[in-house]
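Step one of this worksheet: look at the structure below.
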Amino acid sequence: MKSEPDVYSIDHLAAEPNQTDYWDGIRNYQVRNFMRDVMQVGDRAFFYHSNCKVPGIAGTMSIVRSAYPDHTAFIDTEKYYDPKSDPNNPRWLMVDVKLESKFPRFIALSELRRQEVLADMLVLRRGNRLSVTPVTENEWNHIVSMVENS
DNA sequence: GCCAACGTTGGC
DNA sequence: GCCAACGTTGGC
């Protein structure tokens with residue numbers, strides 16, 4: 001799950017009560033459908049820092065609430081306000097996440113790209129613009145081992 | 001339903 | 001700041 005650290009970093013999440021927050025601002029149908037149809041409570045996710053000096057993975061989270069309406073779409077002062085999202089039939093959804101661990105060492109995108117095992121990882125794919133993408137068990141385990149073995 | 005124009009994402 | 005890639009919009 002990508003977030004721009006200047007806007008919301010892993011340290012922001014760490015500072016929240018119970019280290020838990022809602023993941024708002026998803027305005028892409030593919031990602032919305034993924035959250036709605038695939039993500040479940042108990043699933044885990046990487047916290048990825050995007051659009052910054054050193055992009056990469058900062059830690060892990062778990063999903064603690066499954067998809068429900070993203071209320072920020074209804075508020076016209078919000079960055080991701082969408083007048084077409086009707087409160088009676090919400091167009092956009094969000095999930096709640098809880099910080100699981102901040103990695104003792106940040107895993108940079110450049111390092112991820114050097115891993116042959118991760119060659120097909122969706123988030124690394126050229127032209128990928130989805131802010132949430134699935135991770136295979138192999139990819140997950142490999143990245144976790146990169147942290148542990150460093 | 002096609003597709004050009006436009007806007008956004010995000011690495012570099 | 002550049003620009004490739006891709007999603008969305010809207011005219012037709």
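Not measured: the values here are computed from a predicted model. Quick note on labels: first sequence line is chain A, next is B, and so on, each numbered from 1.
Using modelled atom types, no side-chain atom of A/Asp43 and backbone atom of A/Met39 make a donor-acceptor pair closer than 3.5 Å.
Per the geometry, CZ belonging to A/Arg129 stands 16 Å off P belonging to B/dC12, to the nearest Å. The separation between A/Tyr80 atom OH and C/dT8 atom P is 14 Å, rounded to whole Å. To the nearest angstrom, C1' of B/dT8 lies 11 Å from CD of A/Glu4.
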Open item on the list: I'd like to compare against my own output: the B/S/- annotation of nucleotides 1-6 of chain B with a strict under-4.0 Å heavy-atom distance to protein.
Closed with: ------

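Proximity of A/Val132 to A/Phe34: side-chain heavy atoms (C-beta onward) are separated by under 4.5 Å at one or more points. Considering only heavy atoms from C-beta on, A/Ile63 stays 4.5 Å or farther from A/Gln40 through its side chain. Between A/Arg36 and A/Asn33 there is a side-chain heavy-atom pair separated by less than 4.5 Å. Counting heavy atoms from C-beta on, the side chains of A/Ser85 and A/Phe74 come closer than 4.5 Å.
For A/Arg27, the side-chain hydrogen bond (donor to acceptor under 3.5 Å, both in side chains) partners at least two apart in sequence or on another chain are A/Asp70, A/Thr72. Under the side-chain hydrogen bond (donor to acceptor under 3.5 Å, both in side chains) criterion, A/Ser9 pairs with A/His12, sequence neighbours left out. Residues passing the side-chain hydrogen bond (donor to acceptor under 3.5 Å, both in side chains) test with A/Ser62, sequence neighbours excluded: none.
Distance CH2/A/Trp23 to CE/A/Met94: 13.0 Å, rounded to 0.5 Å. Interatomic distance, CG of A/Leu93 versus CD1 of A/Ile26, reported as 10.0 Å (0.5 Å rounding). From A/Ile10, atom CD1 reaches atom OG1 of A/Thr60 across 7.5 Å, with rounding to the nearest 0.5 Å.
Applying the ring pair (Phe, Tyr, Trp, His ring centres under 6.0 Å) test to pairs two or more places apart or on separate chains, those with a residue in residues 87-109 of chain A are A/Tyr29-A/Trp92, A/His49-A/Phe106. Screening residues 87-115 of chain A for salt bridge (charged side-chain N to carboxylate O under 4.0 Å, His left out), with sequence neighbours left out, gives A/Asp11-A/Lys102, A/Arg44-A/Glu100, A/Arg105-A/Glu111. Counting only residues at least two apart or in different chains, salt bridge (charged side-chain N to carboxylate O under 4.0 Å, His left out) contacts with residues 130-150 of chain A are absent.
Looking at residues 70-79 of chain A, you'll see that no heavy atom sits under 4.0 Å from any atom of DNA chain C. DNA chain B lies under 4.0 Å from no heavy atom of any residue of residues 121-128 of chain A. Residues from residues 43-56 of chain A that place a heavy atom under 4.0 Å from any atom of DNA chain B, listed by number: A/Tyr48, A/Ser50, A/Asn51, A/Pro55.
Phosphate contact (OP1/OP2 of B/dC12, side-chain N/O of A/Arg113, threshold under 4.0 Å): present.
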Contacts table for residues 118-128 of chain A: side-chain donor-acceptor under 3.5 angstrom, sequence neighbours left out:
{"unit_1": "A/Arg125", "atom_1": "NH2", "unit_2": "A/Asp120", "atom_2": "O", "d": "3.3"}
{"unit_1": "A/Asn128", "atom_1": "OD1", "unit_2": "A/Leu130", "atom_2": "N", "d": "3.1"}

Short N/O separations, protein against nucleotides 9-11 of chain C, under 3.5 angstrom:
{"unit_1": "C/dT9", "atom_1": "OP1", "unit_2": "A/Lys84", "atom_2": "NZ", "d": "2.9"}

